[in-house]
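By convention in this document, chain letters (A, B, ...) are assigned in the order of the sequence lines, proteins followed by strands, and residues within each chain are numbered from 1.
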Number of protein chains: 2
Amino acid sequence: MSTTIYDVAEEASVSMATVSRVVNGNPNVKPATRKKVLDAIERLEYRPNAVARGLASKKTTTVGVIIPDISSIFFSELARGIEDIATMYNYNIILCNSDKNKDKEIHLLNTLLEKQVDGILFLGGEITEEHAEHLRRSSVPVVLAATFHEEGEFPAINIDYAQAAFDAVDHLLKKDHKHVGMLTGTLEDPVNGYQKFKGYKEALENNNVAFDESLVAVCDYTYDSAIESLEGLLQSNNKPTAIFSATDEMALGAIHGLQDRGIRVPEDVEVIGFDNTRLATMVRPTLTTVVQPMYDIGAVSMRLLTKYMDNEDIDEQNVVLPHRIAYRNTTK
Amino acid sequence: MSTTIYDVAEEASVSMATVSRVVNGNPNVKPATRKKVLDAIERLEYRPNAVARGLASKKTTTVGVIIPDISSIFFSELARGIEDIATMYNYNIILCNSDKNKDKEIHLLNTLLEKQVDGILFLGGEITEEHAEHLRRSSVPVVLAATFHEEGEFPAINIDYAQAAFDAVDHLLKKDHKHVGMLTGTLEDPVNGYQKFKGYKEALENNNVAFDESLVAVCDYTYDSAIESLEGLLQSNNKPTAIFSATDEMALGAIHGLQDRGIRVPEDVEVIGFDNTRLATMVRPTLTTVVQPMYDIGAVSMRLLTKYMDNEDIDEQNVVLPHRIAYRNTTK
DNA sequence: TTGAAAGCGCTAACAC
DNA sequence: GTGTTAGCGCTTTCAA
């Protein structure tokens with residue numbers, strides 16, 4: 001079997017309590033005995049059993065992360081931010097894909113709780129009342145990232161999506177575009193759907209431009225769906241001369257869809273994306289897009305979670321990170 | 001405190017052993033008592049403690065995944081394949097970024113072992129002799145994915161990178177290109193560097209084309225580095241009329257770098273990438289590239305790991321998945 | 001500064 | 001079918 005704390009104690013001729021103390025950096029150990037123990041550990045290649053430790057101490061130094069889809073260019077960047085900060089604070093991460101599926105999300109929540117994680121990060125999905133009920137019952141802190149609960153009941157890290165969308169569309173409108181199209185996710189999606197759409201509409205109102213339903217296309221976030229939906233927009237009586245897309249990937253779809261039809265970007269149609277994923281500079285023309293600090297959202301949410309786990313003071317449980325627009329070449 | 005198996009036993013007026021039996025689906029329980037227990041569990045909202053269970057059973061149903069960088073479009077796709085199969089077999093995943101850094105990798109290996117994972121998936125990094133020593137000492141099975149050990153000592157899932165590179169370059173050469181450039185990763189990288197470069201050289205030899213050092217540029221896998229390195233290739237006395245890139249992202253860099261200089265793709269220069277990431281169809285012209293089944297590599301490696309963990313028979317510890325070339329519009 | 005001993009919540013013999 | 005009991009490897013009082 002693998003060597004235990006008892007073996008080390010015996011090898012060093014001390015009690016297991018003393019071994020435990022040196023392993024845990026407890027200062028109440030005479031340097032000489034500390035050395036004895038350290039040597040024994042080395043000789044025996046002792047490696048503490050984190051499961052036993054977790055059972056005894058009720059801390060696993062592991063946090064659960066529920067993420068819609070790790071293969072998404074957006075969420076994987078978030079995940080990286082999370083993992084970096086987790087490492088910094090000595091936590092490991094159990095990563096689970098939810099596909100934004102409610103049942104899966106709730107199931108995962110329970111699985112993670114069974115595994116005794118010290119905290120949970122919930123990313124991206126819609127927070128329904130059913131979610132809220134489960135989250136409330138959680139025995140460990142939960143923080144949301146890139147999503148939020150209507151009532152602001154749970155700590156959450158986001159940008160102001162509606163305002164960001166407003167800014168982008170407003171920019172277009174101020175340049176005298178009369179017909180600005182929008183590519184959106186499903187409106188049930190609080191972030192990529194509802195909030196951004198809301199910003200779009202508000203910008204229209206604010207600029208006294210009538211809302212035209214035929215100018216908004218609901219897509220499923222994929223590049224291909226954007227190309228397809230474009231057909232609809234182009235059919236509108238109010239053919240768009242500018243398009244705001246809820247994600248970069250769909251913006252690329254729009255750009256290429258336009259180009260494939262011989263429509264020039266930005267000369268004939270200007271395009272603004274959202275997220276500033278690495279894709280944005282990997283297209284020609286390079287994409288003007290709303291910059292959302294993805295890595296930071298992950299990092300900040302993990303940091304906030306550590307505060308909850310360590311019972312530190314929380315100054316603000318709902319943090320709104322800044323956004324801006326990166327002007328590149330899909331706009332004039 | 002949270003409710004334990006004792007509470008349930010009391011509530012149901014049975015012994016804890018019986019509760020354990022129903023929780024674990026042991027058939028030796030009378031239906032009537034099973035129901036009693038199930039009811040008690042429901043009433044008390046009992047949730048088994050996986051840590052205690054792990055300590056007692058020596059199984060955590062958790063596997064460790066050491067991955068170079070989860071935010072990479074390539075590895076995140078692999079990770080998705082891993083997670084899906086893990087879920088299917090009821091495992092969770094502890095995800096750790098290594099940045100292909102040897103010390104980090106070895107440190108992570110130890111951390112995961114401390115956490116008593118049931119198995120480990122090691123992705124992408126170089127396997128030095130030092131790695132091998134640590135891997136050999138692992139108390140749980142380890143499988144490699146998208147990397148391998150020279151001696152084939154450890155189970156590994158890959159495609160034949162050298163052959164794949166050969167195929168791509170050979171295709172170019174057969175079309176009478178005399179000067180085929182290559183964008184490669186560092187040659188220490190067994191996969192993206194050495195193997196692909198080897199395939200490149202072999203294709204040259206096979207077609208009786210002299211190797212010209214000025215035609216290969218070592219990049220750091222980024223889009224930008226590819227754009228930069230392009231300058232060097234274009235300076236060569238044997239200006240390339242075709243370019244083979246070790247990754248799609250660098251291929252995009254090359255394409256845009258060429259286009260920015262007014263060089264047309266594929267008319268003036270043909271380009272072939274590697275991986276067939278989602279980027280490949282998100283560029284114009286769409287990218288001809290070597291198709292590597294990323295998701296499958298993840299899925300198959302996780303499946304193989306489950307076999308090791310469950311002591312199933314292994315037919316082949318070194319699996320080589322098929323590759324092919326997707327011909328699109330960066331080649332004529 | 002060190003040791004003894006009581007759990008942590010569960011599984012897995014073993015007995016009945 | 002069901003209960004008893006001895007660990008799993010560690011942390012954490014409490015004494016000394």
For the pair made of [atom1] in [X] and [atom2] in [N], what is the distance, rounded to whole Å?
X: A:Asn24; N: D:dT13; atom1: CG; atom2: P; result: 13 Å
X: A:Glu114; N: C:dT11; atom1: CD; atom2: P; result: 11 Å
X: B:Arg21; N: D:dG1; atom1: CZ; atom2: P; result: 11 Å
X: B:Asn26; N: D:dT2; atom1: CG; atom2: C1'; result: 11 Å
X: A:Lys115; N: C:dC10; atom1: NZ; atom2: P; result: 15 Å
X: A:Glu10; N: C:dG3; atom1: CD; atom2: P; result: 13 Å
X: B:Arg53; N: C:dA12; atom1: CZ; atom2: P; result: 10 Å
X: A:Met16; N: C:dA5; atom1: CE; atom2: P; result: 12 Å

NA contact type, [X], heavy-atom cut-off 4.0 Å: base, sugar-phosphate, or nothing?
X: A:Asn28; result: base
X: B:Val51; result: nothing
X: A:Ser20; result: base
X: A:Val23; result: nothing

Where the side chain of [X] is defined as all heavy atoms beyond and including C-beta, which of [options] is the nearest nucleotide?
X: A:Ile5; options: C:dT2, D:dT11, C:dT11; value: D:dT11
X: A:Lys58; options: C:dC8, D:dG1, D:dC10; value: C:dC8
X: B:Ala52; options: D:dT11, C:dG9, C:dA13; value: C:dG9

Below 4.0 angstrom from OP1 or OP2 of [N], is there any side-chain N or O of [X]?
X: B:Thr18; N: D:dG3; answer: yes
X: A:Ser57; N: D:dT12; answer: no
X: A:Ser15; N: C:dG3; answer: yes

Practice task
Assess whether salt bridge (charged side-chain N to carboxylate O under 4.0 Å, His left out) is satisfied between B:Lys35 and B:Glu42, documenting all intermediate values.
Solution key: CA-CA 10 Å; B:Lys35 175 156 180 11; B:Glu42 176 130 287; over 6 Å; no
Handout entry: Side chains of B:Arg47 and A:Asn110, donor plus acceptor under 3.5 Å
Key = yes
Practice task
Would you please say whether a donor-acceptor pair under 3.5 Å links the side chains of B:Thr62 and A:Lys115?
Solution key: yes
Handout entry: Ring-face cation of B:Lys100 near B:Tyr221 (centre distance under 6.0 Å, axis angle within 45°)
Key = yes
Exercise for the section: Look at the rings of B:His131 and B:Phe122 and say which category their plane angle falls in: under 30° parallel, 30 to 60° tilted, over 60° perpendicular. Expected result: perpendicular
Fill in the blank from the handout: Note: for A:Pro27 and A:Tyr6 on DNA chain C, the residue whose nearest nucleotide lies more 5' is A:Pro27
Problem - B:Leu55 vs B:Ala17, nearer the 5' end of DNA chain D by closest nucleotide - result: B:Ala17
